[in-house]
Amino acid sequence: MCHVIVTCRSMLWTILSIVVAFGELIAFMSADWLIGKAKSTDGDIRTGGQQEPYRPTLGIYGRCIKVPQVPYFRKDTLCGPYAEHFNEIASGFWQATAIFLAVGISILCIVAFVSVFTMCVQSVMKKSIFNVCGLLQGIAGLFLILGLILYPAGWGSQKVVGYCGHYASAYKLGECSLGWAFYTAIGGTVLTFICAVFSAQAEIATSSDKVQEEIEEGKSLICLI
């Protein structure tokens, strides 16, 4: 008989697992890892006026730049990948970063998917799903850390120098600043390890004596605060 077990700790772990996976995925896909030095564009073609300087952004494989406003083209910011192939990513360090982050995020997405079903299935082959997922989250966190450590080593690449000026080098930003995507990736990594630790609490909550009493009473839906 399938028992649906919902506790505050298990539900919180599930929500955090989903939030972390989506947060890391969005950060990875974003072009807002680096905010470049101020640049200027040509004047507005319709008015001939001068536009204010803007700061382009650069991600691991994407970028956002501002284009002159032209008739019938509403968007003045163009975002998209600058690298059509993996070997066109700015530097070898960023290629390694992309690999480590992709592996870590893939693991987190798998855990997030599995976490939804932990309300009905708490163990497989006598192994706690919470403990297995917690271990996977810890491994994913290590991949994320490796990627984030290698990322600043690529700041000396020609691509980054074009955005950040000639003073940019490995672990030195030059005229750039860090964007929200980088901080989101760091925050997501911290939360990943918190989730890994908290998975043990979710396991304890769903296997407590109170839950067992509810099961023995024949209840199929068990909700505990």
Side-chain angles (χ1 to χ4, degrees), residues 9-10 12-35 57-64 79 81-83 85-118 128-157 159-160 163-164 168-173 176-203:
R9 283 177 283 181
S10 63
L12 180 59
W13 173 78
T14 298
I15 293 172
L16 282 177
S17 297
I18 295 172
V19 169
V20 166
F22 275 100
E24 288 286 352
L25 181 61
I26 291 171
F28 179 71
M29 296 174 62
S30 173
D32 291 324
W33 284 71
L34 286 180
I35 301 175
T57 60
L58 180 66
I60 296 173
Y61 64 89
R63 54 91 180 99
C64 284
C79 296
Y82 67 82
H85 304 286
F86 181 75
N87 58 6
E88 294 179 356
I89 292 178
S91 73
F93 290 109
W94 281 19
Q95 291 174 4
T97 294
I99 292 173
F100 284 126
L101 292 184
V103 172
I105 292 170
S106 297
I107 295 173
L108 290 178
C109 288
I110 292 172
V111 172
F113 178 77
V114 172
S115 69
V116 177
F117 298 95
T118 55
S128 169
I129 292 182
F130 294 104
N131 292 339
V132 172
C133 287
L135 176 61
L136 290 175
Q137 286 174 326
I139 294 172
L142 293 177
F143 277 109
L144 296 177
I145 286 177
L146 288 174
L148 292 174
I149 289 175
L150 290 174
Y151 172 70
W155 291 347
S157 66
K159 186 76 174 179
V160 176
Y163 276 74
C164 303
S169 60
Y171 296 96
K172 292 183 179 180
L173 279 173
C176 282
S177 59
L178 292 171
W180 66 264
F182 180 78
Y183 293 112
T184 300
I186 291 178
T189 302
V190 173
L191 282 177
T192 296
F193 285 105
I194 292 176
C195 284
V197 174
F198 200 70
S199 65
Q201 291 298 316
E203 160 64 18

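Below, all heavy atoms of this structure are taken into account, side chains as well, without hydrogens, waters or symmetry copies.
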- Item | Heavy-atom side-chain contact between Y163 and R63 under 4.5 Å | yes
- Stepwise, does the side-chain contact (heavy atoms from CB on, under 4.5 Å) test hold for L136 with V114? CA-CA 11 Å; L136 290 175; V114 172; over 6 Å; no
- Note on the structure: All heavy atoms of I60 vs all of A98, minimum pair found to be CG2-CB, 4.1 Å
- Message: Counting C-beta onward and ignoring hydrogens, is there a side-chain heavy-atom pair between V116 and I18 closer than 4.5 Å?
- Response: yes
- What pair of heavy atoms forms the shortest contact from G104 to A140, and how long is it? O-CB, 3.5 Å
- V20 vs V111 side-chain heavy atoms within contact, under 4.5 Å: no
- Message: Tell me the closest heavy-atom pair linking A31 and C64, and the distance in Å.
- Response: CB-SG, 4.0 Å
- Item | W33 side chain reached by T97 side chain, heavy atoms, under 4.5 Å | no
- Task: Grab the two heavy atoms, one from I89 and one from W94, that are nearest each other, plus how far apart they are.
- Result: CG2-CB, 3.6 Å
- Message: With a sphere of 6.0 Å drawn around OH of Y171, does it hold more than 12 non-hydrogen atoms of other residues, nucleotides or ligands?
- Response: yes
- Should the heavy atoms of other residues, nucleotides or ligands under 6.0 Å from CZ of F182 be counted, would the total exceed 12? yes
- Decide yes or no for F100 and I149: does some side-chain heavy atom of the first lie under 4.5 Å from some side-chain heavy atom of the second? no
- Item | Nearest-0.5 Å distance, CG of residue L34 to OH of residue Y151 | 3.5 Å
- When you look at CZ of F198, are more than 12 heavy atoms from neighbouring residues, nucleotides or ligands closer to it than 6.0 Å? yes
- Has Y82 got more than 12 heavy atoms of other residues, nucleotides or ligands less than 6.0 Å from its OH? yes
- Message: Taking the side chain as everything from C-beta on, heavy atoms only, tell me whether K172 gets closer than 4.5 Å to W155.
- Response: no
- Query: Using 30° and 60° as the class limits, which term best fits the ring planes of Y61 and F28: parallel, tilted or perpendicular?
  - Reply: tilted
- Message: Restricting to non-hydrogen atoms, name the atom on C195 and the atom on L16 that form the minimum distance, rounded to 0.1 Å.
- Response: SG-CB, 3.5 Å
- Measuring from S17:OG to F113:CZ, what's the distance to the nearest 0.5 Å? 14.0 Å
- Provide the closest heavy-atom pair for A185 versus A27 in the form atom of the first, atom of the second, distance. N-CB, 4.1 Å
